[in-house]
Amino acid sequence: MTGRIVWTEVRRSAVPGLAVLFLVVCVGLTLTSIEFFAGRWTQLMMYGRGSLVLLFPLALAGGAWLGRRDRRHRVGELFATTVRPRWQRIFPLAVGYAGAMVTVYLLVLLIGAVWVIPTAGYFPSAVLGITAVGALAVVAAGWLGMAAGRAVPRIVTAPVLAVVAFAVVALLPDFVSMAGYDENFVKTQPDPSALLLNPASADSLDDFQTIAGSVSLVQAVWLGALAGSALLLISAVRRSVLALAVLPAVLGAAVAVPLLPAGGYPGAAVVDPVAVELVCDDNGPQVCVRRVHAALLPDLVEPVREALAVMAAKLPDPPVRAVQSTRMVEWAAPEQTVDRHDADTLTFETPSIDRSGRADLSSGYFEAELLRAPWSQECGNSTLPSTAQEVAAAWLLGEPPVPPDWLSPEQQQLVEASYQALTAMPADQQRQVVAQARDAALDCDTDRLGALLLVGDV
């Protein structure tokens with residue numbers, strides 16, 4: 001019976017139209033962003049959390065529009081004279097709107113899953129918590145909007161709320177984060193843990209990361225308390241009840257903030273141990289990728305083994321296997337443990353992933369990275385000279401270098417001159433110099449690497 005009442009209230013309200021509008025907007029945005037999550041469950045669910053930057057203000061504005069229904073139809077005084085408690089009259093619409101917003105949120109993720117399921121390496125359990133937090137967020141937003149619409153039943157309430165909410169969930173976190181940088185744009189203090197009260201994450205994770213389950217649990221408690229306060233505000237009649245209605249949200253924030261880690265979403269991210277497990281092809285020289293990128297292995301085996309063959313033909317003590325690096329992008333993990341590889345192992349970075357969830361090797365950049373890889377190493381804060389790596393890769397390929405565009409004209413000239421000087425040496429001396437340069441690179445001896453392969457400094 002209760003379900004029928006809820007359905008009747010929903011059909012007679014603006015909920016269906018709002019749900020369809022929000023779904024169309026969010027699906028349109030999703031279809032333009034497929035390459036950011038294709039083949040990866042965690043990235044899809046974090047994309048869903050990022051979409052709250054748009055969906056949270058929309059749900060809030062829609063709730064405000066519903067909240068002024070009594071004023072719009074001029075029946076507020078009439079309902080006030082009935083003996084039926086206000087909460088009984090409001091509850092069906094509130095539940096129906098919450099269900100509609102959760103349905104929209106989950107449908108967006110379900111549509112995105114079409115590009116994840118065919119190539120996903122595994123299903124991480126942590127995404128359930130990430131998704132639950134997003135669903136609670138749209139419920140809380142919808143009910144807060146209904147409370148605001150009831151308190152200020154004006155036609156401008158909905159658009160004003162949408163603008164304010166967008167500023168809070170999208171712009172305020174960046175403003176707070178920028179306060180932690182000094183005049184040299186160096187991060188001197190971590191972001192406050194209170195930033196994690198915002199369920200809309202504009203910060204993406206690396207493919208090897210996830211959000212800790214404990215963080216999702218605390219966020220869920222906070223959003224549940226916020227939703228509870230909003231529901232009490234919707235149904236309250238006396239001012240004394242209105243004052244008490246904010247207590248769940250206040251207590252939820254007071255409990256959540258000390259339990260949340262500092263650093264915002266990057267601080268809440270942890271390495272997913274299953275994501276970084278090795279998946280290997282042993283039908284030839286071993287080629288391994290991480291489990292989260294298992295679908296890329298068939299695309300990478302051939303070019304990686306071709307590169308290993310070139311190295312075996314020209315390098316003394318060449319690498320005999322290739323493994324995908326666990327190095328994460330700097331913006332997702334500014335501080336990482338240095339994990340150096342041995343001389344017999346070639347490490348390569350994650351290739352670009354296309355909209356089908358497979359490796360995008362069309363531009364040839366990946367093959368070029370493989371040829372530079374023998375002179376690469378995890379060196380912490382020091383960086384090996386890319387100019388020296390370009391010279392060594394060109395020698396390995398046996399062709400004049402084609403320096404990348406991101407090198408300055410002076411650096412490009414240095415690469416060309418250094419290659420000519422290297423190839424002017426006797427063949428045995430060339431092999432000796434290149435081998436010594438590789439030893440220097442593996443030891444992170446930047447100065448020695450440059451002295452061996454570069455004819456001068458820029």
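Index from 1, following the sequence. In what follows, every heavy atom counts, from backbone to side chain, and hydrogens, waters and symmetry copies are set aside.
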J.: Dump the intermediate steps for side chain to side chain contact (heavy atoms under 4.5 Å, CB included) on Val138 and Val104, then the final yes or no.
T.: CA-CA 9 Å; Val138 294; Val104 168; over 6 Å; no
J.: Not counting sequence neighbours, which residues clear side-chain hydrogen bond (donor to acceptor under 3.5 Å, both in side chains) with Thr103? List them please.
T.: none
J.: For His341 and Phe348, I'd like to know if the aromatic rings sit close, meaning centre-to-centre distance below 6.0 Å.
T.: no
J.: Take Trp222 and Leu196 through the side chain to side chain contact (heavy atoms under 4.5 Å, CB included) test and state the conclusion after the steps.
T.: CA-CA 10 Å; Trp222 147 246; Leu196 287 170; over 6 Å; no
J.: For the atom pair OH (Tyr265) and CE (Met46), what is the distance rounded to the nearest 0.5 Å?
T.: 6.5 Å
J.: Using atom types as modelled and distance alone, determine if a side-chain donor or acceptor of Thr30 lies under 3.5 Å from a backbone N or O of Val108.
T.: no
J.: Please identify which of these residues, Arg291, Arg40, Arg327, meets the salt bridge (charged side-chain N to carboxylate O under 4.0 Å, His left out) condition with Asp207.
T.: Arg40
J.: Kindly write out the residues that satisfy ring-ring contact (aromatic ring centres under 6.0 Å, His included) with Phe36, not counting sequence neighbours, or none if the list is empty.
T.: none
J.: According to the interplanar angle, ranging from 0 to 90°, do the rings of Trp41 and Phe123 count as parallel (below 30°), tilted (30 to 60°) or perpendicular (above 60°)?
T.: perpendicular
J.: Apply side chain to side chain contact (heavy atoms under 4.5 Å, CB included) to the pair Thr210 and Ile130, showing each step before the final yes or no.
T.: CA-CA 9 Å; Thr210 188; Ile130 296 172; 4.1 Å; yes
J.: Can you tell me if Asp281 uses its side chain to pair, donor with acceptor, with the backbone of Val287 under 3.5 Å?
T.: no
J.: Is Met328 close to Gln209 at the side-chain level, that is, under 4.5 Å between some pair of heavy atoms?
T.: yes
J.: When you compare the side chain of Leu161 with that of Pro57, does any pair of heavy atoms fall below 4.5 Å?
T.: no
J.: Look only at the side chain of Asp282 and the backbone of Pro285, and say whether a donor-acceptor pair between them is shorter than 3.5 Å.
T.: no
J.: Contact between Val133 and Val215 at the side-chain level, heavy atoms closer than 4.5 Å - yes or no?
T.: no
J.: Is there side-chain contact between Leu361 and Pro351, with at least one heavy-atom pair below 4.5 Å?
T.: yes
J.: To the nearest 0.5 Å, what is the distance between OG1 (Thr347) and CZ (Arg321)?
T.: 10.5 Å
J.: Between Glu378 and Arg340, is the closest basic N to carboxylate O distance under 4.0 Å?
T.: no
J.: Would you check if Val391 and Trp395 make a side-chain contact, meaning some heavy-atom pair closer than 4.5 Å?
T.: no
J.: Nearest 0.5 angstrom please: Leu205 CG to Asp272 CG, how far?
T.: 10.5 Å
J.: Contact between Leu110 and Leu106 at the side-chain level, heavy atoms closer than 4.5 Å - yes or no?
T.: no
J.: Between the side chains of Gln389 and Arg372, is a donor N or O closer than 3.5 angstrom to an acceptor N or O?
T.: no
J.: In sequence, state the C-alpha distance, the side-chain angles, and the governing distance for Met101 and Val139, and then conclude on side chain to side chain contact (heavy atoms under 4.5 Å, CB included).
T.: CA-CA 7 Å; Met101 291 300 95; Val139 171; 5.8 Å; no
J.: When you measure from the side chain of Ser229 to the backbone of Leu226, do you find a donor-acceptor pair of N or O atoms at a distance under 3.5 Å?
T.: no
J.: Keeping the roles fixed (side chain from Asp299, backbone from Ala359), state whether a donor-acceptor pair exists under 3.5 Å.
T.: yes
J.: Closest approach of Ala295 and Pro298, non-hydrogen atoms and distance?
T.: O-CD, 3.4 Å
J.: Kindly give the heavy-atom pair with the smallest separation between Ala227 and Trp143, and that separation in Å.
T.: O-CE3, 3.3 Å
J.: Please confirm whether the backbone N or O of Asp344 pairs with a side-chain atom of Asp342, one donor and one acceptor, at under 3.5 Å?
T.: no
J.: Of all heavy-atom pairs between Pro124 and Thr42, which one has the smallest distance, and what is that distance?
T.: CG-OG1, 3.4 Å
J.: Closer than 3.5 angstrom, by distance alone: can the side chain of Trp375 be matched with the main-chain N or O of Ala393 as a donor-acceptor pair?
T.: no
J.: Would a distance-only check, ignoring hydrogens and angles, find a side-chain to backbone donor-acceptor pair under 3.5 Å from Gln43 to Asp206?
T.: yes
J.: Without swapping roles, check the side chain of Ser177 against the backbone of Asp191 for a donor-acceptor pair under 3.5 Å.
T.: no
J.: For residues Arg355 and Ile34, report the shortest heavy-atom separation together with the two atoms involved.
T.: NH2-CD1, 3.0 Å
J.: Look at the side chain of Tyr97 and the backbone N and O of Met146, then say whether any donor-acceptor pair between them is shorter than 3.5 Å.
T.: no
J.: Output the distance between atom CG (Leu407) and atom CD (Glu390), rounded to the nearest 0.5 Å.
T.: 6.0 Å
J.: Ignoring hydrogens and geometry beyond distance, is a side-chain donor-acceptor pair present between Thr350 and Gln324 at under 3.5 Å?
T.: yes
J.: Within the 4.5 Å heavy-atom criterion, are Ile353 and Leu296 side-chain neighbours or not?
T.: yes
J.: Using a 6.0 Å cut-off, check whether atom CD1 of Ile155 has over 12 heavy atoms from anything other than its own residue.
T.: no
J.: Would you say that more than 12 heavy atoms from the other residues, nucleotides or ligands in this model lie under 6.0 Å from the CD of Glu277, or not?
T.: yes
J.: Measure across Pro199 and Leu223 and return the closest heavy-atom pair with its distance rounded to 0.1 Å.
T.: CB-CD1, 4.0 Å
J.: Mind checking whether Leu21 and Leu58 have side chains closer than 4.5 Å, heavy atoms only?
T.: no
J.: Hey, could you give me the OG/CZ distance between Ser352 and Arg358, rounded to the nearest 0.5 Å?
T.: 15.0 Å
J.: Taking all heavy atoms of Ala170 and all of Pro173, pick out the closest pair and write down the distance.
T.: C-CD, 4.0 Å
J.: Between Asp317 and Arg438, does any side-chain N to carboxylate O distance fall below 4.0 Å?
T.: no
J.: What distance do Leu217 atom CG and Ile211 atom CD1 have between them, rounded to the nearest 0.5 Å?
T.: 14.0 Å
